[in-house]
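None of these values were measured; they are calculated from a predicted model. Computation of the quantities below employed the complete heavy-atom set of this structure, encompassing side-chain atoms and omitting hydrogens, waters and symmetry-equivalent molecules.
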Amino acid sequence: MAAATASMLSRLSFPTTAPAPRWATFYTRFFTSRLFPTLSVAVPGTNGWQGPERCEQPMQMPWLWRDQENAPTMPEMSRRYEKDMARRLPDEQTLLGGSTTPEAVLSAGGSSTLHVHDTTDPSFPLKQSISNAHKLGCHHISTSRNGKVAASAGFGGEVKLWALNQDTGEWSNSGEITGPAVKPGEVWAVALSEDGSYLASTTNDGRINVWDITDEKKAKLLEYETGSAGSGSFGMSVDLSRDGKYTASGHQNGAVYIFNNDTGRILYSLSGLSKPVRAVAFSPASSRLAAAGDAGIIALYDMKHGEHVGNLTGHSSWITTLDWSDTGEYLLSGSMDGKVKVWSIERSACVATHSETDKALWTARWLPKTGKSEMFCTAGANRSLSFYREATGA
């Protein structure tokens, strides 16, 4: 048994690039108004976008670029992104989460339907709607970095797996996690590995699980405890590092944990945040971790020693989502106040802010870079996907 476990652990250390992460919303059985406000449905207005604005740029501690292989050139102190398009979703529910692949954006709301938008077409058309994906609605969705696998978690406790047909570009059900562990609260936030072989998830009592979803039985490989059995703090966010070595989790009590998937043990218990942590994200080279939540601060940690090396401040409300650019040069964040910010890691500063809406933003994700232009998309309580393109001056 020990040999088998060691074999399974070693399989988690794949050398390529990584997961698509992650998001957190509410489940009425476990959340109070302190965790999430009442979600409302709002028809998106046409005048909600106010363009870029100046950002606060304070830094609590110096940030040193430690990943020399991917060290960027000194970026400009400000960047400009133009709203390319907004796509209102056909759902009558608040949009709760989304994830990107090289060719699509997958989105999920409080309804039972998942939506797929084609990002290879400049108009970002709705390519596919997967009806009856989750009877009680979907609260999290994640895609693998290679764009071939997706996982969605429903309010009923079920986790559905989806596979891309590369010939048609459409997604179909490829199984689900089953067994006695599938119940409300057992799976909350989810994150997939780079190749879609492994799924990390959090629970309402603070545990973090890693599943082998290539196995016919969808076996649970690892289970991490973050407190005494059954009494840990709610796991609100999770991420897998791109090299597959680490799992990170953020919790309701402000705790952030990093686990070593090779040894199956906790590596760091990180300080720096004292309020619920709604987003954790590893940098592309797995050398840093960003964590944020109700404190309105993005905490940065060095993975070599588990040190809290800096804060990025400027959001005035809860931070709900984080995403690193492919080079690790920029970090994207979204907030409950409807603002999305772009941060330069080298400068330790916010270089662009857009006021997408006065409704909560639940998800903000970079899209694969095409040519010299960078793009990102946002999703939230205004029931729309909004796409932003870097203004090149052309």
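When ring centroids are compared, H305 and Y268 stay outside the 6.0 Å threshold. Residues F155 and H139 place their aromatic rings such that the two centres sit under 6.0 Å apart. Between F234 and W188, the distance from one ring center to the other falls under 6.0 angstrom.
W162 and S174 share no donor-acceptor pair across their side chains, judged by distance under 3.5 Å alone. No side-chain N or O of K341 forms a donor-acceptor pair with one of S333 less than 3.5 Å apart. Residues T313 and N311 have side chains that never bring a donor and an acceptor to within less than 3.5 angstrom of each other. Of the N and O atoms on the side chains of H134 and S112, not one donor lies less than 3.5 Å from an acceptor on the other residue. A donor-acceptor contact under 3.5 angstrom links the side chains of T321 and R365, judged on distance only. Using modelled atom types, one finds no donor on one side chain facing an acceptor on the other under 3.5 Å when comparing H115 with T113.
Residues L199 and V159 meet the side-chain proximity criterion, which asks for heavy atoms closer than 4.5 Å. Two residues are said to be in side-chain contact when any heavy atoms from C-beta on lie closer than 4.5 Å; I177 and W211 meet this criterion. Side-chain contact between I258 and L289 is present, with heavy atoms from C-beta onward closer than 4.5 Å. Taking the side chain as every heavy atom from C-beta outward, V210 and T247 approach each other to under 4.5 Å. Taking the side chain as every heavy atom from C-beta outward, H251 and I208 approach each other to under 4.5 Å. Taking the side chain as every heavy atom from C-beta outward, E186 and N209 approach each other to under 4.5 Å. Between E176 and E158, some side-chain heavy-atom pair lies under the 4.5 Å cut-off. In this structure, the side chains of F376 and E390 stay at 4.5 Å or more apart for every pair of heavy atoms.
S233 contributes atom OG, which lies 3.5 Å from atom CG of N253 (distance to the nearest 0.5 angstrom). In this structure, CG on L300 lies 7.5 Å from OG on S348, to the nearest 0.5 angstrom. D337 CG to D358 CG: the interatomic distance, rounded to the nearest 0.5 Å, is 10.0 Å. The OG atom of S237 sits 8.5 Å away from the CG atom of L322 when rounded to the nearest 0.5 Å. Taking OG of S286 as the reference point, atom CE of M303 lies at 7.5 Å (rounded to 0.5 Å). Taken to the nearest 0.5 Å, the CG atom of L106 stands 7.0 Å off from the CG atom of L114.
Side chain of T226 to main chain of G206: a donor-acceptor pair is present (N/O by atom type, distance under 3.5 Å, no hydrogens or angles). Side-chain N or O atoms of T119 include one that pairs as donor or acceptor with a backbone N or O of E103 at under 3.5 Å. Q128 contributes a side-chain N or O that, together with a main-chain N or O of W171, makes up a donor-acceptor pair within less than 3.5 Å. Judged by distance alone, the side chain of S249 and the main-chain N or O of V238 form no donor-acceptor pair under 3.5 Å. In this structure a side-chain-to-backbone donor-acceptor pair under 3.5 Å is present from T202 to G235. Distance alone, capped at 3.5 Å, places no donor-acceptor pair between the S335 side chain and the K339 backbone. Under a 3.5 Å cut-off, the side chain of S344 and the backbone N or O of R347 do form a donor-acceptor pair.
The nearest pair of heavy atoms linking K160 to A133 is NZ-O, 2.6 Å. The shortest non-hydrogen separation linking L192 to V149 is CD1-O, 3.6 Å. Across every non-hydrogen atom of V190 and S201, the tightest pair is CG1-CB, 4.1 Å. The shortest heavy-atom contact between A349 and L312 is N-CD2, 4.3 Å. Contact detail for L240 and A191: the closest heavy-atom pair is CD1-O, 3.7 Å. In terms of heavy atoms, G147 sits closest to L164 at O-CD2, 3.3 Å.
Exactly one of N261, N260, L267, I266 qualifies for a side chain to side chain contact (heavy atoms under 4.5 Å, CB included) with T263. That residue is N260.
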TODO: Check step by step if side chain to side chain contact (heavy atoms under 4.5 Å, CB included) holds for K275 and Q252.
DONE: CA-CA 7 Å; K275 295 184 178 180; Q252 178 185 342; over 6 Å; no
Task: V340 and L332: CA distance, side-chain angles, deciding distance, side chain to side chain contact (heavy atoms under 4.5 Å, CB included) verdict - done: CA-CA 7 Å; V340 58; L332 191 64; 3.7 Å; yes
Task: Stepwise salt bridge (charged side-chain N to carboxylate O under 4.0 Å, His left out) check, D294 with R278 - done: CA-CA 7 Å; D294 293 11; R278 299 181 184 273; 2.5 Å; yes
Task: Derivation of the side chain to side chain contact (heavy atoms under 4.5 Å, CB included) call for V105 and F124 - done: CA-CA 9 Å; V105 172; F124 308 110; over 6 Å; no
TODO: Decide yes or no on side chain to side chain contact (heavy atoms under 4.5 Å, CB included) for L331 and I298, but give the supporting numbers first.
DONE: CA-CA 10 Å; L331 184 67; I298 301 172; 3.8 Å; yes
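Atom NZ of K148 has 12 or fewer heavy atoms from other residues, nucleotides or ligands within 6.0 Å.
The aromatic rings of Y330 and W366 are tilted relative to each other, their planes meeting at an angle between 30° and 60°.
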